[in-house]
Amino acid sequence: MSAPARFDRGHTDDLMSFLAAGPSPYHAVANVAERLEKAGFRQVAETDAWDGASGGRYVLRGGAIIAWYVPEGATPHTPFHIIGAHTDSPNLRIKPRPDTGAHGWRQVAVEIYGGPLMNSWLDRDLGLAGRLTLRDGSTVLVDVDRPLLRVPQLAIHLDRSVSNEGLKLDKQRHLQPVWGLGDEVLDGDLISFLEQEAGLEAHSVAGWDLMTYPVEAPAYLGRDRELVAGPRMDNLLSVHAGAAALAAAATSGAPLTRIPVLAAFDHEENGSQSDTGADGPLLGSVLERSVFARGGTYEDRARALAGTVCLSSDTGHAVHPNYAERHDPTHHPRVNGGPILKVNVNNRYATDGSGRAVFAAACEKAGVPFQSFVSNNSMPCGTTIGPITAARHGIRTVDIGVAILSMHSARELCGADDPFLLANALTAFLEG
């Protein structure tokens with residue numbers, strides 16, 4: 001294999017800015033769209049007729065974005081090379097009636113989204129972000145990027161068993177954050193506050209999709225700054241790398257024999273079954289309309305998808321130095337060792353031998369090392385959008401990613417080299 005690509009600190013600096021600017025899926029896709037616009041892409045509406053001209057385009061729907069670049073000379077049956085990722089992360093989300101409190105504390109009612117490490121949300125300064133839907137149906141992004149809420153932990157003096165028997169949190173009772181003082185619960189207080197924060201008229205908000213997030217900025221960590229700590233690496237790290245790879249492929253001037261695509265979905269953390277999730281119709285609709293816009297037929301669509309490959313990029317588990325027995329004894333992915341190829345013979349990941357060959361070729365072309373990951377047989381294996389994409393669209397799919405620690409924590413940990421190595425491999429894959 002070729003020598004590893006040289007680590008580019010600028011890419012990781014940019015990743016940390018991207019993480020900080022994406023406190024919700026809606027902010028993340030807006031950030032991706034802005035980056036792609038600078039690379040010459042333009043937004044198309046799903047309600048408009050599409051043309052078959054070459055160039056870059058993207059569709060935004062909620063917290064999802066599908067972007068693609070049609071090179072000169074592409075035929076209606078030209079296959080796609082797709083990078084799949086997701087924009088959502090486990091967190092605490094605001095309920096329809098958010099205003100609550102007790103015993104002189106004003107609180108905000110939250111619901112658990114996905115599978116967060118709940119203890120990691122205790123005693124953290126939390127901001128609030130998401131989208132507000134106005135009475136006319138339009139939406140406005142809102143981001144209160146300062147310490148606003150906090151889930152206070154019970155003092156050890158009031159529960160001595162915590163230190164010896166482990167912390168046990170009740171999802172309903174113990175995770176409601178405080179945000180002020182007062183004996184009276186004022187219905188509508190939180191939304192009124194957010195209307196003011198967003199510069200909106202009073203009582204103009206009809207609906208909301210809001211979530212808390214830790215306001216501590218991403219940072220390099222360690223003696224030699226070899227690590228990066230930050231929020232939402234699962235899976236904005238892959239979204240960032242995919243966006244960088246798509247922009248690079250579209251602007252490199254290299255001849256493209258495939259149509260490169262970035263598909264960043266919402267709702268992976270709770271099953272992907274939504275109109276913006278990987279189990280929804282969005283990707284299939286975009287690919288099909290792209291074929292038809294170039295004068296294609298159903299036969300062209302079938303030919304294009306038969307030659308299509310998707311790299312489903314999501315974070316995976318690096319070997320944990322304190323819990324090595326939880327990992328497969330012969331597969332110990334290390335941070336800064338390059339991206340991982342994720343394999344599970346029970347199809348929790350979509351990778352097979354032919355998919356491995358595709359990824360190995362991309363890594364070799366990019367001069368990037370890669371590692372293999374499988375779960376310990378005694379542990380249940382997680383899953384990704386990979387098997388969903390393969391089954392729903394009949395697309396050959398390969399599960400890959402970056403190895404991290406503290407997955408699903410409010411603050412995760414990765415190697416500082418790996419994001420750049422992943423982006424290089426993805427770029428080589430898109431360039432074909």
Side-chain angles (χ1 to χ4, degrees), residues 1 4-5 83-86 89-90 114-115 117 226-228 233-242 268-269 272 278 309-364 366 368-390 396-409 412-426 428-429:
M1 182 173 290
I83 297 169
H86 67 88
S89 300
L117 283 173
E226 301 166 290
L227 304 168
V228 174
M233 290 182 183
D234 179 13
N235 186 34
L236 292 189
L237 188 157
S238 294
V239 175
H240 175 262
E268 189 272 346
E269 297 294 356
S272 295
V309 182
C310 174
L311 293 188
S312 165
S313 182
D314 204 345
T315 54
H317 303 294
V319 61
H320 196 302
N322 299 338
Y323 301 91
E325 73 280 0
R326 300 292 181 116
H327 300 266
D328 183 84
T330 59
H331 294 77
H332 280 175
R334 297 189 176 193
V335 297
N336 289 336
I340 56 174
L341 180 73
K342 302 160 79 170
V343 178
N344 179 263
V345 295
N346 294 300
N347 290 328
R348 299 294 285 173
Y349 303 131
T351 306
D352 62 9
S354 64
R356 185 186 192 281
V358 170
F359 186 58
C363 289
E364 183 174 4
V368 168
F370 73 91
Q371 311 173 81
S372 294
F373 170 84
V374 296
S375 290
N376 186 308
N377 284 325
S378 300
M379 301 285 174
C381 179
T383 190
T384 68
I385 65 167
I388 294 171
T389 303
R396 181 166 49 159
T397 304
V398 188
D399 272 297
I400 65 163
V402 162
I404 69 171
L405 292 183
S406 305
M407 188 186 296
H408 285 201
S409 172
E412 296 163 325
L413 187 70
C414 78
D417 294 7
D418 284 330
F420 177 63
L421 297 175
L422 174 65
N424 276 307
L426 295 181
F429 167 72

**Request:** Find the distance between OH (Tyr349) and CD1 (Ile340) and round it off to the nearest 0.5 Å.
**Result:**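 Tyr349 atom OH to Ile340 atom CD1 measures 7.0 Å (nearest 0.5 Å).
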**Complete:** Minimal heavy-atom distance between Ala416 and Asn336, with the atoms involved, is N-OD1, 3.2 Å
**Message:** Tell me which one of His320, Arg326, Glu325 satisfies side-chain contact (heavy atoms from CB on, under 4.5 Å) with Asn322.
**Reply:** His320
**Request:** Please check if the side chain of Ser238 supplies one atom and the backbone of Ser313 the other of a donor-acceptor pair under 3.5 Å.
**Result:** yes
**Asked** Is any side-chain heavy atom of Glu226 closer than 4.5 Å to a side-chain heavy atom of Val335?
**Response** no
**Request:** Quick one: closest heavy-atom pair of Ala403 and Pro333, and the distance?
**Result:**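 So the minimum-distance heavy-atom pair works out to CB-CB, 4.2 Å.
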**Asked** Looking at CE of Met233 and CD of Glu412, how far apart are the two atoms once the value is rounded to the nearest 0.5 Å?
**Response**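 Between atom CE of Met233 and atom CD of Glu412 there are 7.0 Å.
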**Fill in**
Note: Cys363 and Ala425 closest approach over all heavy atoms is SG-CB, 4.1 Å
**Asked** Do the side chains of Thr397 and Pro387 get nearer than 4.5 Å, heavy atoms only?
**Response** no
**Prompt:** Can you name the nearest heavy-atom pair linking Val309 to Phe429, along with the distance?
**Reply:**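 So the minimum-distance heavy-atom pair works out to O-CZ, 3.5 Å.
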**Prompt:** In Å and rounded to the nearest 0.5 Å, what is the NE2 to CG distance from His331 to Asn376?
**Reply:** 11.5 Å
**Message:** Can you classify the ring geometry of Phe373 versus His317 as parallel (below 30°), tilted (30 to 60°) or perpendicular (above 60°)?
**Reply:**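 It falls in the tilted class, 30° to 60°.
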**Asked** Do the non-hydrogen side-chain atoms of Ile400 and Leu426 ever get within less than 4.5 Å of each other?
**Response**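 Counting from C-beta outward, Ile400 and Leu426 do come under 4.5 Å.
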**Request:** For Ile385 and Ser272, work out which heavy atoms get closest and say how close.
**Result:** CG2-OG, 4.0 Å
**Request:** Let me know which of Thr351, Thr389, Thr384, Asn344 forms a side chain to side chain donor-acceptor pair (under 3.5 Å) with Asp399.
**Result:**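 Looking at Thr351, Thr389, Thr384, Asn344, the match for Asp399 under the side chain to side chain donor-acceptor pair (under 3.5 Å) is Thr384.
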**Request:** State the CG-CG distance between Asp314 and Leu237, to the nearest 0.5 angstrom.
**Result:**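 Going from the CG atom of Asp314 to the CG atom of Leu237 covers 10.0 Å.
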**Request:** Would you check if the side chain of Ser89 reaches a backbone N or O of Asp234 as a donor-acceptor pair within less than 3.5 Å?
**Result:** yes
**Prompt:** At what distance, to the nearest 0.5 angstrom, does CG of Asp352 lie from CZ of Arg396?
**Reply:** 7.5 Å
**Closest non-hydrogen atom pair between Ala241 and Leu422, with its separation** = CB-CD2, 3.8 Å
**Prompt:** Does Pro339 reach the side chain of Val368, with side-chain heavy atoms less than 4.5 Å apart?
**Reply:** yes
**Message:** According to side-chain hydrogen bond (donor to acceptor under 3.5 Å, both in side chains), who are the partners of Asn347, at least two apart in sequence or on a separate chain?
**Reply:**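 For Asn347 there are no side-chain hydrogen bond (donor to acceptor under 3.5 Å, both in side chains) partners, ignoring immediate neighbours.
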**Asked** Would you say Glu268's side chain and Ala278's backbone share a donor-acceptor pair under 3.5 angstrom?
**Response** no
**Request:** Working to the nearest 0.5 Å, report the span between NZ of Lys342 and OG of Ser375.
**Result:**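 Separation between the atoms: 9.5 Å.
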